[in-house]
Each structure stands twice: as C-alpha cells, then as structure tokens.
Amino acid sequence: MRIALFVTCLADTLYPSVARATVTVLERLGHEVVFPPGQTCCGQMHVNTGYQADALPVVRHHVEVFEPYDAVVAPSGSCVGSVRHQHARVARRAGDEALARRAEAGAARTYELSELLVDVLGVEDVGASFPHRVTYHPTCHSLRMLRVDDKPLRLLRNVRGLELVELPSAESCCGFGGTFALKNADTSTAMLADKMRHVVGTGAEICTAGDSSCLMHIGGGLSRLRSGVRTLHLAEILAATDDPGAEVAGQTVPVGVVR
Amino acid sequence: MTTFLGIPSVGAPVRSSPGVGHLQGSESFPTAARRALGDSQLRSNIGRATTTIRGKRARVVGEVPDWEELREAGRTLKASTMARLPELLGQLEEQVTAAGGTVHWARDAAEANAIVTRLVQATGADEVVKVKSMATQEIGLNEALEAAGISAWETDLAELIVQLGHDLPSHILVPAIHRNRSEIREIFRREMPGLGTELPPDLTDEPRELAMTARRHLRRTFLRAQVAISGANFAVAETGTLSVVESEGNGRMCLTLPRTLITVMGIEKVVPTWQDLEVFLQLLPRSSTGERMNPYTSMWTGVTPGDGPQEVHLVLLDNGRTAVLADEVGREALHCIRCSACLNVCPVYERTGGHAYGSVYPGPIGAVLSPQLTGMTGDAVNDSLPYASSLCGACYDVCPVKIDIPSILVELRAQHVEAAAASGRLPTPEAALMKAAAVSMTSPFRWRLAQRASRLGRLLARGRDGQRRIRSLPPPLSGWTGTRDLPEPPAETFRESWAREGRS
Amino acid sequence: MSAAADGTAAVPDARSEVMARIRSALGEHPPVVEVTRGYRTSGEHRPGAAELLDLLQDRLVDYKAGVTRSTADQVPATVGGLLERLAGGGRVVVPPDLPGDWTAGADVLRDDGALTSAELDRVAGVVTACAVAVAETGTIVLDAGSGQGRRALSLVPDLHVCVVRADQVVQTVPEAVARLEPRRPLTWISGPSATSDIELNRVEGVHGPRTLEVVLVTG
Ligand code: SF4
C-alpha cells in the first residue's frame, strides 16, 4: 500500500525520530511511504486557541496537500483528531461548504498510526522487539476523539521482550492541552504532577503514548524531576528490533538506549 | 469573591439582556485557580469525592443496556425543545394555570427576585424554606429576600453547610463538596447552637451522625414554614407537571407541608411531553449521584385540593438564556440537566474546585454556560473560562444529554478572539504569533525558514550530551519551563533528512 | 392569564419580551429536530413476573429498604409484625381508604385530612399502598390514589410501611410512566431518605422516613 506520511509539525521540527520510526515500521511491513513535501501543520493550535480565521488557510493548505493520496498516516491522535473533527467545522464556520466537503473526504482517508496498523493493514504484530518495562498513557484525543481503544495496547503486547505495566488512572488527562499548558500553567502542572506520580509508581523505564505533544509535556516534567523514567513515542517502540546495527529513532543508536 | 450586578433590563424588545447575579467572580480563572491549587486540604477533599462518585456512576451506567440510546433520546429531546420553546412555554403556562397555579415571567435576576419577594410578602411570612435550586442561587434570591427582611432557610444538607459556613457553593449537586466531614462538624458546632439546636458535646464527624443532626436542626423549621421556594428539574408542557429530583426528603418537606409554593425555573427546563420524563428520569440519577434512582422524586401539577400547597406559583426566568439560545453552537449548553457528571470527571475541576470558576455554574458546563449568560465583555474574568480546559473530552463522554462541551469551548474561544479583534483589543503578542505561524504554515518555503529559526533553541539547551534540555525560556513560554524541560531542537528536521537522503 | 411583574406598565410586559427574545434568538427557521426513541420502552418480563419481584427486592435491599414477602391473606399479620417490631406498638397513621384489615390490631389513626404536620410528627409510622413499582431501579411510586392518601402522610412519620401487589411491579421506568396519571401528585420513592452530601458517600436517613419497609404481596 502507498501511504502518505503526515509528519505533524511537532514531530517534523522537534521529534524527527518519531517520524522516522513511523516510516521504518510501515516499510518493514512492506508498504511504500511517501512524504508530501508541501505539508506543514493541521492548524489545531490555531483552532483551539481561538484563531479560526488564521486556521482557515492552514486547513485549506493541508486539505490540498493530502488530497491526492488514498491513505494518510500521522503519528498523532491529536492531529488526526483535528483533521477528522475540526477541519470541516472550521471550513463550515467560514461559510466554505466546498472546502468542508473536501476536508471530510480527506479526513476519511487519514489515520492515526495504531488505527492504520490494526484497522486498515490488519496487523497487530509489527515484528518489533523492545526488552523494557513500559507503561502506556492513552492520550485524550486518541482515546476520546478517535476511540483507538486498546489498539496501541494490542500492538505493544506483541512486541517481543516488552513488559507492559498498567498505568493507574491512565485515562485522566496529562494536562498538556496545547496552549492550555501556558495559559493555565498552574493547573496544567498540577495535572502533570499526578500523571507523573502514577507513571513513576509503575516502576516502568519508559512511558509511551501516541502523541509527541503529550509526551513532550510528560517527558519535560519527568526530566525536570530527574525521575529516571523516559518517554518514547509508540512508533519508536514499534520500530525497534533486536537487529544489532538497526537504525532506530533516526540516529544509529545501540538497541535499548533511548533518548 | 462574587460580584452582584443587579441591572434591570429595559433594552429593545427582542435584544436579550445579559444574565446578572452570581454568574461571575472577580478574578480570572488562572488567578483564582492558582490560589485554589495551593490549598491542599481542598484538593484532597475534592479529589476524594470526585473519585468516589466517578466509580459509582460508571457502575450504574454500565448496567443499563440502552444507555447510548437514552443519551441520544435526551439529546434530541432537548434540541427539539429549544427549537419549539415559544410554543412549549405557552403550553406550560396554560396547563399550570388551568391546574390552579399562577405563572410569572422574569427577564432577569432582579425581576425574578422582585416577583418572589412580593409573593412572599403577600403571604405575610417572614421566613421561607428552600429546596436546593441552581436558578435561585444564580439570581441571588437569598440576598434579595434577606434585604426585604425575609429569612431564607436552605434545607438541602450541602446547602445548609454552605449557608451555615458563610461560604459559596462549589458544585452543582453537592455545593459543599469542598468540605470534609470534620470541617462540617466544626461548622455545625459553631453555628447551630446560636440557631436553637443544641448539639451533644461528643458529636463525632461520622456522616450519619452529622446527617441526623441536620434532621433535628431542620425538623421544627419544616413543621412551621408557611412558604417554600424551589427550583424544578423538569416542567412538562403537555400537562403542566413540575418535578424535583432529590435525596434527603427536604424537597418533599418543602413541596408538601407549606401552604404556598413558589418555583423559580429557567425557561430551558421545559420538556414537551409526560412521556419524555421516562428518558430524563433514567439519565439524571445515574449520572448525578450514581444511583439507579434517587431516593425521592416529587411531581406536582398546579394545586391538588387537600394535598400539599394550596397556592402555587411558577416563575419563568430568562436572565441571559435567550442570549445563549441565539448562538447556534453555544445553545447546546441550555440542554444541561445539571447532573454534574461533567464536573466529577473534569481533571481541571478536580484540581481547582468550583470556586475558581467564579460563577454558581462551575466545571465544564460552567465554562461554557457562564460566559454565554453574562456575555464575554473583555474583562478577563468570564472571558477566561473557555480557556479553562485542556479539551480532554471527558465531559462530553459522560454527559447524559451529549452536550459537546469541547466544541463549544473551541467556538467560544473563537468568538472571544473575534470580539477582541472587533473592539480593537488586538493585536496582542499572542495574536501576532498566531498570525505569523499561520503565514508560515501556508507555504512550505516559509515553513522551512520558521523551522530553521526554531533551531536557535539549540543555543539555550544545557546539559550533558544526549541529555541536553531547555530549562528556561522568557514569557510567555516561561509558563512551560517553570515546571517542564523542553527537548533540544534536533540538528536536522525530518524533512531535511528526508530530502538529504533524496527520498520523496 | 399570567401575573404582570411589578411596575412594568410602561415597558413591554416580561412575558411578551421574553417570548420575543426567544423568537428572535431562534430566527425565522428554527431547526427541525427529530426525536429518536431507540431505548427500551418495556422489559423482557411481564409485570408481576417472579424475576421482577426478585429484582425489585434485590434493588430495594441494596438501598437499605426492608422487604418482606407475603400472601394476600397474610398481609395483616405481616404488617402487624413489622409495626410491632419497628414502631414498638406506637401509633400509626393510615390513609382513609386503606383496607381496614391490613392494620388490624395496631393503634391506628385514620387520616381525616385535618391532621396537622405537627400531629403527624408525633405518630410512629404510616402504612400505605402504592400505584406502581419499578423493579430495575428499586422504586415505588405513590400517586395519592387508593390506599395512599395525601403526600404528607408518607413523609412526616419516621417509618413507612408500603404494601406492593405483584401485579403493580413493572420492569422499566417507561412502563411505570405509562401507567401513571401525571396530574395526580406523584412521589417516586427509592429506598429510605438518604444523602450523599458528605464526601459523596451515601448515608441513609435524613428528613424523610428513615425506615422504609416494603411488603411484597404475591399469590
Ligand atoms: S453538561 Fe451534561 S454532564 Fe454537565 S451537568 Fe449538564 S447534563 Fe450533566
């Protein structure tokens, strides 16, 4: 299958290893991954902060860039959530019904990584190996906007050597929320504190999730606490193998070493 | 903490005036939240209570096989009611009147308070007993009655705790959720003897003992009260039937024993038919107290000779609701049946409690209802409420009438930005940043330049190799780095490495 | 028809103004919304089915109500036993039309409509019939009809003994709603009075009767 990678602005700029891992997993499964070079961002930050007029051209740009592709994948529940639940709304609110229809059509072909793997490609074992103790945080948008349910967990359970430990209160928000983390920094931090307490309490080495944004938040807090627990995107774990020289996470790193 | 704006409305006939009353605090949400977050007792009280109720709700909702169908029926019933509001209110008025009740209309809080005060004065009573009601809290009725020399006794246990504690409600269903058992005992010990209720010296903080104390304290009041004031959970247009859903029996006392009953109800609480109650009576108790059915639900239609109050009034309240109705997206907030499930699951409410929202309507529903009722006026108080959410969506999932609160929050943020632009309050630094981001995000070339600029962040990163982090940034980004590190931007973006490898 | 608000003679009355605001808010073409009723309007069991009696009993007990099964001719003995045990032989009030033999032997005050709240506060208990009961929610509904009396009777005394006939027990809330006449004063009772106001934990017994005893009549 030919799959277009919607890298997301955050992974492109700050977490290229996540994008690289997404490509690695899909290519290992025998699929062709293309990168539409015109892509930028889904516009979610604008929409969620109230700047819909500024979001409109960003949405239009996204719709146009991905229109030619039959399947689009993004390593983010949040960005796919925005494509699926916000793009047409933004267009309609601006009175652009034609764009809204195109956005809906595009949204129907856009998948979050675990959705693409499990629902579209029918794969639960991606041939990964990752001998570590891992806990999984279901991000709000993958859980409640996309309803990915236990798909990420099914993928993780099939990773060789991986010990999955349950995260208490997993479904409560980590406190990221985009510009919420800045505008309501104190509340965001209080939510983060509880999330970190639960993560650390699992005794896991790694906390994983399907969104780099939430992981940036959780990981940023864990790093500040010098907790010793690292964050890693689901794609990066699924990309890992025990092939000694394998290229993981965009840089050649010894297996088992995580950022 | 709460400002009271008693401005009567005399505007153009069809222009809705903003709601007035206890709908707005005096400081922005982030400021009020910061103080609340510093109160560890408050956080633990609310955390414990919401955890309990979330579990109970999940259990009893899980045992209903047609829960999703009920929610959908609730949603469509409410939407259809809003669309037919003039017809249904007219029918309700007709039916209540035919059954011997009297219907009054109030444009705003001041008018509703005046009507109720006049009705109480006409009975000659100098005290009233009250069933917990959000509408009367919203309009500040107790203060208005007090000013007219009429004592208003709250009879719901939590309301009693709030009233005796000279406190403000912090939850729709359990206004004293921010108090734990030992604080409640202290309030009782301090206040009740002065009101004529002697307490045993060895009163413990066992909830059962505290509840018994409240029973003893209020019993005499119930037996002597001549006037009761209630809200209504539902009003059936078809039959004129009003309904109050409660637990303790204080509602039954108020609705049954006094001679005069005055009910104050928002115009959005009407439901079309008697049959519709079969939906809401299933949705409400399970969502609110996590019970299959609440202990008591009372329903009355006008006056029943020889049974219950012989003088029955219904005050229909606008107070900003028609302004909410005018917004095609925001009007969904009027569907709320005040179950409080969205508060109980909200990660923000759980940390900050209800007082941070300033209004009698806290939590997710308050964040969408209060700013719509008062209007967003650029004063940074209620204007801050639509941003008081991480948009996690937990509220939408539990709402028994499927109010899409996250989408309304996003819409209100857009309206807030648009209003700011229209009144010349833009550009702010944030707006300039958003504009610049949008400009770069519509051109891959400009986008690459912007990404390169972000690499300047590498200069700020500190630490050992492979562990380099940004630990401090200037405002507004200091809000992030106060408690969280940022990763060092990589030397190469994904698209650069992809291009370098010559892939397409 | 509706009472005018104070001193508003010079400006449009509140009713017209609120109605005008609503019409203007909705615009010329308010959305037409179809109401969907995909939920269950009846249960799988017939009213009075043995499964329903078990379910009702289970749900009542779960919310701390007492349940005693009885045959029709055993009702007087069952009620008498309960009153003996729970009202300590104290005086009980009954609605004017409660079957006389239900409370044979007890010290009974038959309501004539003139008893004051204070007088009701001095009796130990009340015995009533009911209009319908909902098994799934553990609810009994009083509609002031036969054997039930006015609302104050079942409210003020501290013990409520309620006699429920098997054929009055339906499975679901919609079935109960369909059986009830909305214009009668209705009281839906699910267990004794309770509160969740202290730390959201349920505590039984506040202002309503602290003891609810249901006599379930079969056969
Ligand atoms: S918005 Fe929904 S969940 Fe929240 S109180 Fe209202 S009805 Fe309940």
Side-chain angles (χ1 to χ4, degrees), chain B residues 10 13-14 16 49 52-53 66 69-70 72-73 76-77 79-80 83 85-86 97 102-107 111 114-115 157-158 174 181 207-208 211 215 223 239 241 247-250 252-253 256-257 274 277-278 281-282 289 292-293 295 297-301 304 306-308 318 322 325-326, chain C residues 1-3 5-6 11-12 14-15 17-26 30-40 59 113 117-118 121 136-139 144 150-152 155 173-174 177 182-183 185-191 193-201 203 205-208:
Chain B
V10 283
V14 294
S16 297
T52 306
I53 194 72
D66 51 349
E69 286 78 9
L70 285 166
E72 183 59 17
T76 53
L77 271 168
S80 135
L85 209 48
T97 309
T102 310
V103 177
H104 312 258
W105 298 71
R107 280 163 280 217
E111 193 166 30
I115 293 168
L157 178 52
V174 191
R181 54 184 78 186
R208 188 173 166 79
R215 175 183 168 103
L223 297 181
T239 58
T241 307
S247 294
E248 296 166 13
N250 64 308
R252 291 177 70 192
M253 290 282 176
T256 310
L257 301 186
W274 166 246
L277 290 189
E278 72 192 18
L281 287 180
Q282 295 191 73
T289 47
R292 297 186 186 99
M293 191 64 92
T297 296
S298 297
M299 298 172 184
W300 71 100
T301 308
T304 305
D307 187 347
D318 178 353
T322 48
L325 189 66
Chain C
M1 193 165 74
S2 67
D6 271 354
V11 291
R15 183 190 196 277
E17 188 169 336
V18 172
M19 282 293 202
R21 288 173 180 179
I22 297 171
R23 290 206 177 86
S24 134
L26 290 172
V32 179
V33 186
E34 208 184 309
V35 174
T36 53
R37 295 185 194 267
Y39 55 87
R40 299 170 305 149
R59 299 277 147 106
S117 305
D121 195 37
E136 283 185 354
T137 58
T139 306
R150 59 193 171 109
R151 284 171 285 171
L155 171 63
V173 171
V177 166
R183 288 183 181 81
L186 302 173
T187 308
W188 297 55
I189 299 170
S190 308
S193 135
T195 182
S196 303
D197 281 357
I198 301 169
E199 299 175 6
L200 283 180
N201 277 308
V203 179
V206 197
H207 303 295

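Not measured: the values here are computed from a predicted model. In what follows, chains carry the letters A, B, and so on, assigned in the order in which the sequence lines appear, proteins first and then strands, with residues in each chain numbered from 1.
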4.5 Å side-chain heavy-atom contact, C:M19 and B:W105: yes

Test side-chain contact (heavy atoms from CB on, under 4.5 Å) applied to C:W188 and C:T137, step by step: CA-CA 11 Å; C:W188 297 55; C:T137 58; over 6 Å; no

Any donor-acceptor pair under 3.5 Å from B:T256 side chain to B:M253 backbone: no

Top contributor to chain C interface from B:A83, B:S298, B:G249 [non-hydrogen pairs under 4.5 Å]: B:A83

Among the listed options B:I53, B:L85, B:V174, B:T52, the residue most often paired with chain C at heavy-atom distances under 4.5 Å: B:V174

Spacing of OG1 belonging to C:T36 relative to CG belonging to B:L77, to within rounding of 0.5 Å: 8.0 Å

Donor on one side chain, acceptor on other, C:Y39 and B:E278, under 3.5 Å: yes

Heavy-atom pairs under 4.5 Å with chain B, option from C:P182, C:G138, C:P174, C:P30 with the top count: C:P182

Top contributor to chain B interface from C:D121, C:L155, C:I22, C:V33 [non-hydrogen pairs under 4.5 Å]: C:L155

Heavy-atom closest pair, residues B:R181 and C:E199: N-OE2, 2.9 Å

Option in C:S196, C:P31, C:G113 with maximal non-hydrogen atom pairs under 4.5 Å from chain B: C:P31

Heavy-atom proximity to chain C below 4.5 Å, by part of B:L325: both

Best-contacting candidate, B:T289, B:L281, B:L277, against chain C by heavy atom pairs under 4.5 angstrom: B:L281

Residue part contacting chain B, namely of C:T195, when any heavy atom lies under 4.5 Å: both

Separation between CZ of C:R59 and CE of B:M293, rounded to the nearest 0.5 Å: 12.0 Å

Contact leader toward chain B among C:T139, C:L26, C:T187, where contacts are heavy-atom pairs under 4.5 Å: C:L26

Chain B contact via C:V206 - side chain, backbone, both or neither, heavy atoms under 4.5 Å: both

Per-residue contact mode, B:T241 against chain C (heavy atom under 4.5 angstrom): side chain

B:D307 side, atom CG; C:R151 side, atom CZ - distance, nearest 0.5 Å: 4.5 Å

Which portion of B:D318 sits near chain C, non-hydrogen atoms under 4.5 angstrom: side chain

Inter-residue atom distance C:S193.OG - B:R252.CZ, 0.5 Å rounding: 9.0 Å

Region of C:A194 that comes under 4.5 Å of a non-hydrogen atom in chain B: both

Contacting moiety of B:A79, where chain C heavy atoms sit under 4.5 Å: both

